[in-house]
Amino acid sequence: MNLQNICLLFLVLLLLFINITQGQLEIGFYSQTCPDAESIVKSVVSEATLEDPTMPPALLRLHFHDCFVEGCDGSILIEDGADSERRAFGHEGLRGFEQIEKAKQEIETQCPGVVSCADIVAMAARDAVALARGPNYAVETGRRDGKVSSLKLASDMPDVNDSIETLKSKFKNKGLSNQELVILSGAHTIGTAACFFMPKRLYEFNETNDSDPQISPRFLPELRRMCPKNGDINARISMDLVTKDKFDDQIMRNIKKGFAVLASDARLYDDRLTKQVVDLYAEGSQFAQDFARAMVRMGRIGVKLGSNGHIRRICSAFN
Ligand code: HEM
Ligand SMILES: *[C@@H]1O[C@H](CO)[C@@H](O)[C@H](O)[C@H]1NC(C)=O
Ligand SMILES: *[C@@H]1O[C@H](CO)[C@@H](O)[C@H](O)[C@H]1NC(C)=O
Ligand SMILES: *[C@@H]1O[C@H](CO)[C@@H](O)[C@H](O)[C@H]1NC(C)=O
């Protein structure tokens with residue numbers, strides 16, 4: 001072997017070593033080690049949806065909440081008393097934990113200790129979008145589960161009351177663009193919000209306006225009727241009242257016309273740049289395709305790879 005070849009061999013070995021210790025996300029990460037993982041998740045999500053048609057939005061939201069706190073590392077799943085991450089205000093109403101745990105249990109019987117809970121959440125979100133007739137994309141896997149979960153860390157979470165500046169900076173801090181803020185908020189094309197999140201927007205917006213001026217005058221009475229002052233905070237309303245069960249771009253036209261339900265969606269129209277993006281999608285361009293791409297990008301936030309993190313045995317507790 002000449003020197004050149006030895007150098008080449010060394011380089012290849014080095015890259016292999018880096019790959020093993022650092023790992024990387026890839027499509028089909030478990031194709032050799034747990035070939036049925038994806039199909040198990042898919043069937044658990046489908047069955048759960050047959051029983052409860054509100055499961056897809058719940059599972060989609062779970063992935064978002066997992067990724068924004070400590071990265072997509074399953075930390076949101078930890079049930080560890082009053083200080084758990086998932087007890088934070090912004091996580092109110094999160095569901096789907098049982099379905100993730102169920103998929104994990106089934107996967108563990110086939111290949112114990114191989115598939116992370118963080119990846120199950122990412123796969124379930126992908127399957128949820130497809131079931132709601134949204135885009136079907138290939139999901140990257142190879143995430144490892146994190147070892148911390150704390151209420152204090154939840155402040156990275158975007159809040160319904162956040163200004164557009166705050167929303168933009170919270171997404172930017174996670175490496176996501178203004179355009180991705182808009183397209184990912186498009187997830188609100190399915191699912192519901194509790195009236196719990198509405199009073200400020202409908203009755204005490206700020207010192208000068210009692211309601212959010214972005215609400216169309218035609219829509220305000222309807223919203224107030226659905227979420228009356230001092231009414232039931234647990235009552236739920238669809239976030240896309242036009243096509244509530246279909247994953248489509250209607251939400252963008254709702255925002256444009258002042259028919260956004262959530263305050264944070266309405267804020268997207270406060271800013272010149274995000275407004276342009278809303279307008280673009282409202283006209284029907286590439287929403288599904290761009291949403292899928294943005295989901296893949298969101299799924300990369302702060303992931304733990306290789307020798308970082310670990311694989312939990314059950315999703316709700318540290319090993
Ligand atoms: C931009 C910042 C965001 C804010 C402030 C926000 C806030 C909220 C709030 C307050 C709810 C109602 C929760 C409830 O009452 O149960 C909700 C629901 C939901 N969010 Fe977001 N969200 C944001 C972005 C996202 C993103 C990026 C995704 C996913 C990619 C997402 C997916 C969902 C889904 C699917 C629901 C419906 C949940 C259900 O029906 O159970 N949200 N969001
Ligand atoms: C956001 O608004 C809701 C009412 O709509 C209020 O209960 C909550 O405390 C507000 N959150 C923050 C962080 O200000
Ligand atoms: C209240 O909100 C409106 C609309 O966003 C804004 O124009 C106004 O300046 C705000 N008032 C105060 C006191 O912040
Ligand atoms: C909101 O407040 C602003 C002043 O900050 C005022 O010009 C505007 O007319 C108000 N809008 C509504 C709908 O009350």
Side-chain angles (χ1 to χ4, degrees), residues 49 52-68 72 88-97 99 121-122 124-126 128-129 131-132 134-135 137 154 156-172 174 176 178 180-202 204-217 220 227 233-240 244-245 247 251 255 258 260-271 274 290-299 301:
T49 305
D52 175 0
T54 72
M55 269 340 287
L59 289 166
L60 174 56
R61 184 174 182 231
L62 195 59
H63 184 40
F64 162 56
H65 284 241
D66 186 27
C67 292
F68 263 71
C72 318
F89 175 86
H91 298 318
E92 194 66 36
L94 276 184
R95 298 175 301 132
F97 298 100
Q99 285 66 34
V121 173
R126 183 269 310 268
V129 170
L131 272 174
Y137 56 92
D156 283 1
M157 247 356 262
D159 185 283
V160 255
N161 309 338
D162 282 344
S163 68
I164 185 62
E165 285 73 29
T166 306
L167 290 172
K168 286 199 302 189
S169 75
K170 283 181 174 174
F171 273 67
K172 194 170 177 219
K174 302 291 169 189
L176 297 172
N178 295 336
E180 285 165 329
L181 160 63
V182 175
I183 191 83
L184 288 169
S185 298
H188 297 149
T189 175
I190 52 170
T192 55
C195 288
F196 175 79
F197 291 104
M198 303 299 291
K200 186 169 152 70
R201 176 159 208 240
L202 299 182
E204 45 194 47
F205 188 64
N206 65 15
E207 289 91 69
T208 48
N209 302 76
D210 58 0
S211 65
D212 180 352
Q214 283 293 10
I215 305 174
S216 158
L220 184 61
C227 293
I233 56 167
N234 295 315
R236 303 192 69 84
I237 53 177
S238 295
M239 292 187 291
D240 170 6
K244 62 189 174 71
D245 296 319
F247 196 103
I251 184 90
I255 295 171
V261 167
L262 273 193
S264 60
D265 290 347
R267 298 287 69 74
L268 300 174
Y269 227 60
D270 284 355
D271 171 89
T274 51
D290 289 359
F291 182 82
R293 195 176 302 140
M295 283 296 285
V296 172
R297 294 248 308 132
M298 185 177 87
I301 298 174

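Every number for a ligand or one of its atoms is a count from 1 in the order of the listing.
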Measure the distance from [atom] to every protein heavy atom, then report the residue, atom name and distance (to 0.1 Å) of the closest one.
atom	value
atom 5 (C) of ligand 1	Ser264 OG, 3.3 Å
atom 40 (O) of ligand 1	Thr192 N, 2.9 Å
atom 36 (C) of ligand 1	Met239 CE, 3.5 Å
atom 35 (C) of ligand 1	Pro57 O, 3.1 Å
atom 34 (C) of ligand 1	Arg61 CB, 3.6 Å
atom 32 (C) of ligand 1	Ala187 CB, 3.6 Å

Proximal ligand 1 atoms for [X], defined as those under 4.0 Å from one of its heavy atoms:
X	value
Leu181	1 (C)
Gly191	37 (C), 40 (O)
Leu184	26 (C), 27 (C), 28 (C), 30 (C)
Val160	5 (C), 10 (C)

Would you tell me whether Thr54 and Arg236 have side-chain atoms, one donor and one acceptor, within less than 3.5 Å of each other?
no
Would you check the N or O atoms of [X], main chain and side chain alike, for any that come under 3.5 Å of an N or O of ligand 1?
X	answer
Thr54	no
Ser185	no
Ala194	yes
His188	yes

Quick one, Lys170 with Leu176, criterion side-chain contact (heavy atoms from CB on, under 4.5 Å). Give me CA distance, side-chain angles, the key distance, then yes/no.
CA-CA 9 Å; Lys170 283 181 174 174; Leu176 297 172; over 6 Å; no
Where's the contact between [X] and ligand 1, heavy-atom distance under 4.0 Å: side chain, backbone, both or neither?
X	value
Pro158	both
Arg236	side chain
Leu262	side chain
Phe171	side chain

One thing to verify: whether Asp156 and Lys174 come together as a salt bridge, which I'm taking to mean a side-chain N less than 4.0 angstrom from a carboxylate O.
yes
In residues 56-63, what donor-acceptor pairs under 3.5 Å come from side-chain atoms, sequence neighbours left out?
{"unit_1": "Arg61", "atom_1": "NE", "unit_2": "His65", "atom_2": "NE2", "d": "3.2"}
{"unit_1": "Arg61", "atom_1": "NH1", "unit_2": "Glu92", "atom_2": "O", "d": "3.0"}
{"unit_1": "Arg61", "atom_1": "NH2", "unit_2": "Gly90", "atom_2": "O", "d": "3.4"}
{"unit_1": "Arg61", "atom_1": "NH2", "unit_2": "Glu92", "atom_2": "O", "d": "3.1"}

Lys172 side chain vs Asn178 backbone, donor-acceptor pair below 3.5 Å
no
I'd like to know if the side chain of Asp162 and the backbone of Asp159 have a donor-acceptor N/O pair within less than 3.5 Å.
yes
By ring-ring contact (aromatic ring centres under 6.0 Å, His included), which residues pair with Phe64, not counting sequence neighbours?
Phe68
How long is the straight-line distance from NZ of Lys200 back to CG of Asp210, given to the nearest 0.5 Å?
12.0 Å
Any chance you could measure Ile233, atom CD1, to Met198, atom CE, to the nearest 0.5 Å?
13.5 Å
Who passes salt bridge (Lys or Arg N to Asp or Glu O under 4.0 Å) against Asp212, sequence neighbours left out?
Arg201, Arg267
If you take all heavy atoms of Ala294 and Ile183, which pair is closest and at what distance?
CB-CG2, 3.5 Å
In chain-and-number order, ligand 3 lies under 4.0 Å from a heavy atom of each of Phe205, Asn206, Glu207, Thr208, Asn209, Pro213
Would the number of heavy atoms belonging to other residues, nucleotides or ligands and lying under 6.0 Å from NZ of Lys244 be above 12?
no
Can you check side-chain contact (heavy atoms from CB on, under 4.5 Å) on Ser211 and Leu202, steps first, answer last?
CA-CA 5 Å; Ser211 65; Leu202 299 182; 5.6 Å; no
After noting the C-alpha distance and the side-chain angles of Leu268 and Ile164, does the key distance pass the side-chain contact (heavy atoms from CB on, under 4.5 Å) rule?
CA-CA 6 Å; Leu268 300 174; Ile164 185 62; 4.0 Å; yes
